[in-house]
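What follows is a single structure, written as structure tokens, with notes after it.
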Amino acid sequence: MSSWLKRIGRQRWFQASLGTLGAGYLRLVWKTSRFQLEPPDIYESVKPDLPVVIAMWHGQHFMVPFIKRAQHRAKVLISLHRDGEINAIAAERLGIEPIRGSGGRFDRKGGVGAFREMVDALAQGYSVALTADVPKVARVAGLGIVMLARESGRPVLPVAVATSRRIELDNWDRSAINLPFSRGAMVSSDLIRVPPDADDAVMEMYRLKVEAGLNAATARAYSLVGDKNLTRQRKV
């Protein structure tokens, strides 16, 4: 049975179906929920700095595509894993172009090519979104996103999206499955600008800034939807 399921999971038609269903479900959550922006003038304030590197935590990223407005151009880094194919299809359905590769390591799993593609996309005016976590280590930012900011010269914008109704999975990244008919919050922290001549010590300082910015945005987003206890988990 498990081998049969694996074979089905590799089929393009099956992946396309799941990706399309996933995008449709996220649209349902978006259209049936009321989202609050913080800061409320985020689009006006960030406009002079576009494009930006959008940082998010893994597992808290499902509603992030809806931060994009119609006039914005954006791409998102998605892993080469089989599950990543489903996510890439969903992203395309939501109007965001995928870049395939690993953000945690740029020396393997297509990471080098993906890094260059992200730098090129930023140079062409696309904002680029990617999760900041070290692979399989939740809430610890890796250096990849800081390297991208240094190489591209574009600032990092830490963002978080939370909904009042959700299912929180008991997995490594504490994935939040957002539910329809929620109160929602989209929060950003201050832009983080990495100097082009940053050495290892400075890069570590900015890595910690990205981590702190994401943690602050996440805590604020959950607070706005009425949940001040971020460690509470609902197992499924």
Side-chain angles (χ1 to χ4, degrees), residues 19 46-69 71-137 140-161 173 188-200 202-204 206-211 213-214 217:
V46 80
K47 186 176 180 179
D49 294 292
L50 292 176
V52 296
V53 178
I54 299 171
M56 52 193 174
W57 283 138
H58 205 282
Q60 310 299 309
H61 62 281
F62 294 111
M63 298 304 295
V64 169
F66 297 96
I67 291 176
K68 175 183 175 295
R69 293 297 181 255
Q71 68 272 25
H72 298 150
R73 296 195 298 167
K75 297 190 178 185
V76 61
L77 180 67
I78 296 175
S79 76
L80 293 170
H81 190 270
R82 183 174 67 248
D83 292 342
E85 185 64 27
I86 297 169
N87 291 335
I89 292 166
E92 289 179 318
R93 298 293 188 274
L94 295 172
I96 300 176
E97 299 179 41
I99 296 173
R100 304 303 301 277
S102 171
R105 290 285 301 274
F106 290 125
D107 58 350
R108 64 183 184 183
K109 294 183 180 178
V112 174
F115 185 80
R116 293 311 317 170
E117 192 173 347
M118 287 189 290
V119 172
D120 291 344
L122 287 160
Q124 294 164 14
Y126 288 87
S127 290
V128 173
L130 65 159
T131 54
D133 314 65
V134 173
K136 301 299 182 182
V137 183
V140 176
L143 278 172
I145 200 163
V146 185
M147 291 170 57
L148 179 60
R150 182 182 65 179
E151 181 70 15
S152 67
R154 307 313 307 168
V156 178
L157 182 67
V159 302
V161 183
D173 61 4
S188 72
S189 294
D190 293 337
L191 288 167
I192 298 170
R193 305 176 192 276
V194 181
D197 58 349
D199 58 16
D200 289 349
V202 174
M203 290 289 280
E204 173 63 12
Y206 279 95
R207 185 194 70 78
L208 292 172
K209 283 189 175 183
V210 170
E211 191 172 290
L214 279 169

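Values below: all heavy atoms of this structure, side chains included; hydrogens, waters and symmetry mates excluded. Computed from a prediction, not measured in an experiment: that's the story for all the values here.
- Taking Glu117 as the reference, nothing meets the side chain to side chain donor-acceptor pair (under 3.5 Å) condition, with sequence neighbours excluded.
- For Asp173, the CG atom counts as densely surrounded, since its 6.0 Å shell holds more than 12 non-hydrogen atoms of other residues, nucleotides or ligands.
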Using distance only, find each side-chain donor-acceptor pair of residues 71-78 under 3.5 Å and give its atom names and separation, not counting sequence neighbours.
{"unit_1": "His72", "atom_1": "ND1", "unit_2": "Arg69", "atom_2": "N", "d": "3.1"}
{"unit_1": "Arg73", "atom_1": "NH2", "unit_2": "Gln124", "atom_2": "O", "d": "2.3"}

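- Residues Val202 and Ala198 share a closest heavy-atom pair of CG1-CB, 3.6 Å.
- Side-chain contact between Arg116 and Glu151: present, with at least one pair of heavy atoms (C-beta onward) separated by less than 4.5 Å.
- By the 4.5 Å heavy-atom criterion applied to side chains, Met203 and Val194 are counted as neighbours.
- Shortest non-hydrogen contact noted between Val159 and Ser188 is CG1-CB, 4.1 Å.
- Partners of Glu92 according to the side chain to side chain donor-acceptor pair (under 3.5 Å) rule, which considers only residues two or more places apart in sequence or in another chain, do not exist here.
- Residues Glu211 and Val140 have side chains in contact (heavy-atom distance under 4.5 Å, counting atoms from C-beta outward).
- For Ala121 against Ile99, the heavy-atom pair with the smallest separation is CB-CD1, 4.4 Å.
- The ring-ring contact (aromatic ring centres under 6.0 Å, His included) check on Phe66 picks up Trp30, with sequence neighbours excluded.
- Residues forming a ring-ring contact (aromatic ring centres under 6.0 Å, His included) with His58 (at least two apart in sequence, or on another chain): His61, Trp172.
- Arg100 and Ser79 get closest at one heavy-atom pair: NH2-O, 2.6 Å.
- Listed here is the closest heavy atom pair of Asp133 and Met56: OD1-O, 4.0 Å.
- A donor-acceptor pair is defined here as one N or O able to donate and one able to accept, closer than 3.5 Å; such a pair exists between the side chain of Ser127 and the backbone of Val52.
- Side-chain atoms of Val146 and Val156, non-hydrogen and from C-beta on, never get closer than 4.5 Å to each other.
- Heavy atoms from other residues, nucleotides or ligands lying under 6.0 Å from CG of Asp200 number 12 at most.
- Taking each heavy atom of Pro158 and Ala217 in turn, the nearest pair found is O-CB, 4.4 Å.
- Side-chain atoms of Arg154 do not come within 3.5 Å of backbone N or O of Leu122 as any donor-acceptor pair.
- Taking Asp49 as the reference, Arg193 meet the side chain to side chain donor-acceptor pair (under 3.5 Å) condition, with sequence neighbours excluded.
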